[in-house]
There are 2 protein chains.
Amino acid sequence: MNKNKATIHDISKALGIDSSTVSRALNDSPRVSKKTKGKILKKAKELGYQRNSLASSLRTSKTQTIAVVLPRISRHFFARVIAGIEETAHKAGYNVIICQSLDNLEREKKIISTLISNRVDGIMISISMETTNYEHLEAYKKLDKPIVFFDRPCELPNCINVNIDNFQASFDATQHLISRGCKHIVHFSGSQKIELYRQRKAGYIAALEKNNIKINDHYIFESNLSEEDGIRAAKKILRLKNIDGLYSSNDTAAISAMKYFKSKRVRVPEDIAVVGFNNDPISAVIEPSLTTINQPALEIGKMASNLLFEQINNKTKTTKIQFRLLNSELIIRHSSKK
Amino acid sequence: MNKNKATIHDISKALGIDSSTVSRALNDSPRVSKKTKGKILKKAKELGYQRNSLASSLRTSKTQTIAVVLPRISRHFFARVIAGIEETAHKAGYNVIICQSLDNLEREKKIISTLISNRVDGIMISISMETTNYEHLEAYKKLDKPIVFFDRPCELPNCINVNIDNFQASFDATQHLISRGCKHIVHFSGSQKIELYRQRKAGYIAALEKNNIKINDHYIFESNLSEEDGIRAAKKILRLKNIDGLYSSNDTAAISAMKYFKSKRVRVPEDIAVVGFNNDPISAVIEPSLTTINQPALEIGKMASNLLFEQINNKTKTTKIQFRLLNSELIIRHSSKK
DNA sequence: CTGTTAGCGCGTTCAG
DNA sequence: CTGAACGCGCTAACAG
């Protein structure tokens, strides 16, 4: 009724029952009789009581909240990962905070700092492309709270990682192009400072070597994942006359290159094949014959959050798990704890 | 160093300065000498102190956090809105919580409930398609905290709404098709229980009437925004032989219809024109000749958050604002306060 | 099964 | 400019 929220004391006074009993009743403690519990719940509803999570969290030092930190939610892959995370989290009674780093280290640092201030119970993160040291994340770990890395692997020991087998996926993708008869395959790669792109490049090279195809450095484009880079690369490709295949290890650049090809009326399916990692609906639209290695985003999200909850509840039995999903491989890499 | 976080008391003891002074220094109060301020800040950094927002919020009853509630973050339009919101919010020193209702009322209710528990300072919401009453939101308003509606208008009085002029945009879209020579224009609409789709349908009808084109009920498809609906509608359209135009007031159904046309080898640009509301990159890829009325998503986000901050800071001078952006119209509809 | 007491970490009085 | 004391709302620990 009033502008101020009802507290347990309001309902305590209204009923002549001590506030601690009210608190217990509201938490459905077995140590309160059904009768008084009923009275309390009724009064609570009547007064429009809603628990003050801040006070509760302050007391218990548990926020029932976990955070996902990732480059951008607009990428289809990440949106799917979030869906998977929310599904498991909500079932487990946790709230999820979503944070975008925009692949910017400074932003990521700030995010982690406010997550520390807000005392979230755990963090799942796909690190920014600029992240090469992990001090900000270690500050969080020092609080004895867990971090799970997904998609982009953490290069530190003692980290839990959830991702597909990037080497194998890359190998498969390249092999697929070779099997279709490609001999001159361009590779869109990312910065070699990042383990993820080293792994993917390695898979590409391994497949070529296995098929006795010469590795040509001019065919490998290192870039960040912007649309501009995709267009720039596309232009270069059109100048390399004999290209018959393209394997891109990132979807953003691949899609923008495809757009460029279209605008230049290059007939894509006959001339160039593209293999990307995500099942973004845009890739299905851009060219139906496009070949794609999908990452099982939903499963990655579920897996990552489940591992996080295991950590939060100190079920430390996390060991190396590994299994296949669809066309790609989901790996949980885990080195011993503390 | 320790597993436990440093508090202001730790730094208070370490320095022999009272914790209240430490608190003031950390909040950059002018009532602390620069000298002691310096000492305190240094020690704070040394101990790895990070403010406990929970305690701070509990004390001040301000969380410095606002929430965005919307159907799904994966829709390009919403992702852009979020970008706009985050930009303004971070500048203003606020954190942003993103929540997906998945167009499900029960979920929306639960979200609002936990936002109340977490005492966020304000909410911006694009209501779910199932939302026809606003009790859950009124519970929040009773705490004297502001709500701003965007995209999907709230049908209650005394609400702040940020959206384009849907009637006009619809009118323009339909007029555009008519100007291109279309006489038999199909309209994809949403549930007429929702004001948004009523407005859009009204704009379509108004344009036809102005051009003396007969309104044909068979040309109007009411559906929710699923992909399945798009395909279902596409099939029906192919049966209506003389259709020469399609005006869709939602992008999801339009895009999936376009996909279907493509798969059936119907040559889209000559046979059917599509007009949608969003600047989703997917629509640019699906068919370059596609005509689109864009919603200025980024601006909507900025506008909505700015209005929210005005409310939070009790600058109640919000009056009717109205201006044009790009091809569409951005309206803030606002009826008098309290 | 219920009441009493104390304190989570911080900010804000009110004194000096 | 700084210190002492209190309380935000809730729950854990200890009584009874």
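Lettering of chains follows the sequences in order, A, B, ..., and the numbering in each one begins at 1.
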Item to check | Verdict with supporting geometry, A:Asn118 and B:Leu54, side-chain contact (heavy atoms from CB on, under 4.5 Å) | outcome: CA-CA 6 Å; A:Asn118 285 301; B:Leu54 297 166; 5.6 Å; no
Checklist entry - What string of B, S and - do you get for nucleotides 11-16 of chain D 5' to 3' if you count protein non-hydrogen atoms under 4.0 Å? => result BBB---
Could you give the [atom1]-to-[atom2] distance, from [X] to [N], as a whole number of Å?
X	N	atom1	atom2	answer
B:Leu143	D:dG9	CG	P	12 Å
A:Leu58	C:dG11	CG	P	12 Å
B:Leu15	D:dG3	CG	P	10 Å
A:Gln64	D:dC10	CD	C1'	15 Å
B:Ile11	D:dG3	CD1	P	12 Å
B:Asn118	D:dC10	CG	C1'	14 Å
B:Leu47	C:dG9	CG	P	14 Å
B:Ile17	D:dG3	CD1	C1'	11 Å

Non-hydrogen atoms of [X] and [Y] that approach each other most closely:
X	Y	result
A:Asp151	A:Leu196	O-CD1, 4.0 Å
A:Ser33	A:Thr36	OG-OG1, 2.8 Å
A:Arg107	B:Glu86	NH2-OE1, 3.1 Å

Item to check | First of B:Asp18 and B:Arg119 reached from the 5' end of DNA chain D, by closest nucleotide | outcome: B:Asp18
Next on the checklist: Using the side-chain hydrogen bond (donor to acceptor under 3.5 Å, both in side chains) criterion, which residues pair with B:Gln64? Sequence neighbours excluded.
Outcome noted: none
Item to check | Residues in side-chain hydrogen bond (donor to acceptor under 3.5 Å, both in side chains) contact with B:Asp121, at least two apart in sequence or another chain | outcome: B:Thr63
Checklist entry - Relative to the ring of A:Tyr94, is the ring of A:Phe309 parallel (under 30°), tilted (30 to 60°) or perpendicular (over 60°)? => result tilted
Checklist outcome for this item: Angle separating the five-pair end axes of the helix from C:dC1-D:dG16 to C:dG16-D:dC1, nearest 10°, is 40°
Next on the checklist: Expected output is a numbered-order residue list: members of residues 36-45 of chain B with a heavy atom under 4.0 Å from any atom of DNA chain D. What is it?
Outcome noted: B:Thr36
Next on the checklist: Is the shortest side-chain heavy-atom distance between B:Tyr140 and B:Lys145 below 4.5 Å?
Outcome noted: yes
Next on the checklist: Within the 4.5 Å heavy-atom criterion, are B:Ile123 and B:Val68 side-chain neighbours or not?
Outcome noted: no
Item to check | Under the side-chain contact (heavy atoms from CB on, under 4.5 Å) test, residues paired with A:Ser128 that sit two or more places apart | outcome: A:Ser101, A:Asp103, A:Leu105, A:Glu108, A:Glu130, A:Thr131
Item to check | Donor + acceptor pair across side chains of B:Asn27, B:Ser29 (<3.5 Å) | outcome: no
